[in-house]
Amino acid sequence: MAKIDLVRNIGVVAHIDAGKTTVSERFLYHSGKIHKVGEVHDGETQMDWMEQERERGITITAAATTFEWKKHEIHLIDTPGHVDFTIEVERSLRVLDGAVVVFCGVAAVQPQSETVWHQADKFKVPRLAFVNKLDRVGASFEKVIADVRERLGANAVAIQLPIGVEDQFSGVIDLVAMKSYHFTGDVEDAPEAVDIPAELADDAAVARDTMIQALADLDDGIAMKYLEGQEITVDELKAAIRKATIAVKLVPVLGGTALRNKGIHPLLDAVIAYLPSPADVPPVHGVDPRDTTRHLTRSPKNNEPFAALAFKIAMDEGRKVVFLRVFSGTLEAGGEILNVRTGRKEKVSRLFRIHADKRERLDKAVAGEIVAAAGLKDATTGDTVCDPKDPILLERIDTYEPVISQAIEAENNAAKERLDFALAKMVDEDPTFRVQEDAETGQTIIRGMGELHLEIIVDRMKREYGVQAKAGKPQVVYRETVLGEATAEATFDREVGEQGIHGEATCIVRSRPRGSGLSFDRKLENDLLIPEVWKAAAMQGLKDAASSGPDGYPLEDVSATLTRVFVREGSNAEIGARAAAAEAFRRAVGAAHPARLEPIMAVEVSVDDEYLGAIIGDLNQRRGQVNDVDTVGMKKQVKALVPLRNMFGYSTRLRSMSEGRATFVMTFKSYDTLEG
């Protein structure tokens with residue numbers, strides 16, 4: 001167990017295809033954690049261990065591992081780059097002390113790079129930037145740095161200079177130590193430290209001067225020495241870079257090509273040199289759950305009361321494993337902890353250190369570590385677990401509201417039980433996945449962050465739980481209303497045995513404003529002379545008939561007024577009054593211009609200026625009404641009302657129209673008719 005200042009909790013984050021998983025694999029190989037390098041394109045990586053990840057060549061779930069580098073213990077989380085799995089990045093960044101953000105040397109800042117960058121800003125996570133794929137045609141180290149500065153508003157400063165470009169890329173110049181590193185490209189070979197090539201000496205001097213000027217703006221000690229022309233030592237530069245990085249005032253930029261094994265050793269050195277240990281980050285803040293006005297802090301020390309955040313739930317062979325970030329204190333296997341959300345104590349049966357899908361048993365977890373715990377039955381993402389004697393409630397992890405839904409059904413009743421069980425496990429694991437039963441259609445509806453998200457869920461149920469389920473589009477439940485006003489009367493006359501049933505009723509039906517529901521009233525001329533049971537029976541007849549309109553859908557926003565009811569003496573009065581009123585109501589609805597209503601969604605799209613026209617045009621094609629276009633920060637916010645049935649497949653369409661840069665939120669507004 002390493003001392004706390006020799007621990008690093010880091011994540012590797014990036015846009016899809018920038019090379020995050022390859023960087024993580026090289027970290028593990030060079031540190032001796034694995035002895036064979038797996039490639040994403042071969043489907044053989046350690047960190048992408050799910051079958052679905054290997055088939056698609058993408059990361060779906062944040063994988064955790066631990067390795068050593070130069071006597072430091074590094075806890076690493078490789079996160080997804082696809083927008084559908086953004087919660088995996090969010091919850092990882094919430095518990096990490098630092099991040100390596102990988103950018104493609106050709107594509108530079110991509111849409112999901114922006115998303116993860118802003119997520120890291122939200123949690124004030126110190127970052128290193130690694131410009132990957134510098135061996136590709138069109139790669140440019142300088143262009144990526146300019147893009148990071150301009151598009152992300154970050155103080156990105158090169159601490160390396162690449163040697164050669166595209167297929168000539170062979171090494172980097174370390175601007176701090178003013179050494180040059182040559183990479184053979186062979187995975188077995190460590191970089192060779194050589195003198196800076198003479199033809200690059202001037203460029204290196206200029207780049208170093210630029211780096212020192214950037215540090216001088218942030219560090220008075222460096223500024224004094226720089227202005228006085230004094231020599232600044234390597235240790236002073238490293239200390240200044242570390243201090244500015246941890247304060248999130250500077251982003252050191254390094255370069256390389258992970259696939260060709262170039263630049264990984266210096267990147268690992270930079271993780272140790274510049275990213276914080278748990279002891280370097282401020283104490284975590286929380287409140288006393290017994291008195292939420294009382295603010296508490298926990299420092300990353302073993303002698304403080306135990307406090308941890310459950311940031312991820314995973315199922316391991318059907319058993320629940322909870323990933324914990326320990327912020328303070330220690331936790332022993334077999335120890336008892338308090339789940340603040342439930343108010344209940346639970347026992348931790350076993351503790352593990354995780355390596356992707358493998359595990360190593362631990363006797364205890366200490367402050368600053370990321371571990372997995374078994375035995376916590378009630379814990380969910382975002383729960384605080386702590387010492388029962390010293391409770392603290394830490395800030396929860398935000399979850400995102402699902403934006404897409406799909407109907408799912410089992411093949412038979414036996415499979416339905418397995419389906420329900422599997423869905424419950426998936427909901428436990430994934431806070432952005434929801435399941436509900438539609439009361440009106442009886443369908444099971446699953447909701448998630450995008451089509452890929454739901455596709456993976458259905459696929460996982462098949463493979464992990466043996467559930468064969470059919471997924472289709474959800475049914476839109478319509479309503480009906482009337483657009484006008486009509487009066488109708490009806491007579492009900494029937495012989496039943498020796499006793500006849502006779503009733504007469506007149507009813508007026510009118511339309512009501514949208515969202516105001518149904519109303520039933522009576523205005524009878526001879527009200528006082530009519531027995532109460534007749535009136536009650538007739539009113540019940542109106543309500544019975546209102547359960548469905550001419551097309552069989554429930555009625556909405558209609559008022560019905562009973563104006564006349566007559567029942568013959570000696571007949572079965574209640575049945576006659578009820579049947580006549582129901583028929584009068586149905587006739588009045590048929591004459592008052594009945595119309596079908598559909599669920600209308602309030603849609604808000606956040607998009608860059610350049611895609612605004614395409615987004616508005618597409619919403620119009622979907623019979624949407626664009627009500628407002630506003631500017632929020634750098635983005636345009638489009639607000640529209642669109643029928644739900646025209647929104648299926650929208651997240652995929654939006655992504656393709658905006659190169660993945662637009663996001664949208666969709667909420668139910670009302671039932672209405674939209675012309676067109």
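Nearest heavy-atom pair, Leu654 versus Ser658, reported as atom, atom and distance to 0.1 Å: O-OG, 2.8 Å. The heavy-atom pair separating Val251 from Ala154 by the smallest distance is CG2-CB, 4.3 Å. A pairwise comparison of heavy atoms in Asp97 and Ser277 identifies OD2-C, 4.2 Å as the closest pair. Between Ala99 and Val125 the shortest heavy-atom distance is N-CG1, 3.9 Å. Smallest separation of non-hydrogen atoms from Lys70 and Ile272: CB-CD1, 4.3 Å. When every heavy atom of Val326 is checked against every heavy atom of Ala308, the shortest pair comes out as CA-CB, 3.9 Å.
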| request: Output, in order, the C-alpha distance, side-chain angles, deciding distance and verdict of side chain to side chain contact (heavy atoms under 4.5 Å, CB included) for Phe130 and Val23. | output: CA-CA 9 Å; Phe130 180 68; Val23 168; 4.0 Å; yes

| Phe352 and Phe323: CA distance, side-chain angles, deciding distance, side chain to side chain contact (heavy atoms under 4.5 Å, CB included) verdict | CA-CA 9 Å; Phe352 305 100; Phe323 283 74; over 6 Å; no

| request: Take Leu76 and Phe67 through the side chain to side chain contact (heavy atoms under 4.5 Å, CB included) test and state the conclusion after the steps. | output: CA-CA 8 Å; Leu76 171 73; Phe67 63 91; 3.9 Å; yes

| Val603 and Val605: side chain to side chain contact (heavy atoms under 4.5 Å, CB included), yes or no, with the steps? | CA-CA 6 Å; Val603 179; Val605 185; 3.9 Å; yes

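Leu296 CG to Cys386 SG: the interatomic distance, rounded to the nearest 0.5 Å, is 10.0 Å. The distance from atom CD1 of Ile445 to atom CD of Glu409, rounded to the nearest 0.5 Å, is 10.5 Å. A distance of 7.0 Å separates CD1 in Ile446 from CG in Leu423, rounded to the nearest 0.5 Å. Within the model, atoms CD1 of Ile74 and CG of Asn9 stand 10.0 Å from one another, a figure rounded to the nearest 0.5 Å. Here Leu96 contributes atom CG and Phe123 contributes atom CZ; the two are 10.5 Å apart, rounded to the nearest 0.5 Å. Put simply, CH2 on Trp69 and CG on Leu268 are 5.0 Å apart, with the number rounded to the nearest 0.5 Å.
Contact of the Val340 side chain with the Ile392 side chain is not registered, since no non-hydrogen atoms from C-beta on lie closer than 4.5 Å. Using a 4.5 Å heavy-atom threshold, the side chains of Glu73 and His75 count as touching. For the pair Leu338/Val385, no side-chain contact is recorded, criterion being any heavy-atom separation below 4.5 Å from C-beta on. Under the 4.5 Å side-chain criterion, counting only non-hydrogen atoms from C-beta, Asn339 is not in contact with Thr384. Side-chain atoms of Val12 and Val102, non-hydrogen and from C-beta on, do get closer than 4.5 Å to each other. The shortest side-chain heavy-atom distance between Val101 and Leu128 does not fall under the 4.5 Å cut-off. Within the 4.5 Å cutoff, side-chain heavy atoms of Glu304 are placed close to those of Ser299. Residues Leu331 and Ile337 form a side-chain contact, since some pair of their non-hydrogen atoms from C-beta on lies under 4.5 Å apart.
Between the Ser328 side chain and the Phe306 main chain, no donor and acceptor come within less than 3.5 Å of each other. Between the side chain of Arg242 and the backbone N or O of Leu275, at least one donor-acceptor pair lies under 3.5 Å. Judged purely by atom type and a 3.5 angstrom limit, Ser349 uses its side chain to pair as donor or acceptor with the backbone of Ala374. Between the Arg26 side chain and the Ala258 main chain, a donor and an acceptor come within less than 3.5 Å of each other. Side chain of Asn155 to backbone of Lys249: a donor-acceptor contact under 3.5 angstrom is found.
The salt bridge (charged side-chain N to carboxylate O under 4.0 Å, His left out) test with Asp383 is passed by exactly one of Arg341, Arg344, Lys377: Arg341.
Taking the charged nitrogens against the carboxylate oxygens, Arg8 and Asp280 have no contact shorter than 4.0 Å, which rules out a salt bridge. Under the 4.0 Å criterion applied to side-chain N and carboxylate O atoms, Asp630 and Lys639 are not assigned as salt-bridge partners. For the pair Asp121 and Arg127, the salt-bridge criterion is met [side-chain N within less than 4.0 Å of a carboxylate O].
Residues meeting the side chain to side chain donor-acceptor pair (under 3.5 Å) test with Asp291, sequence neighbours left out: Thr293.
Atom CD of Glu336 is surrounded by more than 12 heavy atoms from other residues, nucleotides or ligands within 6.0 Å.
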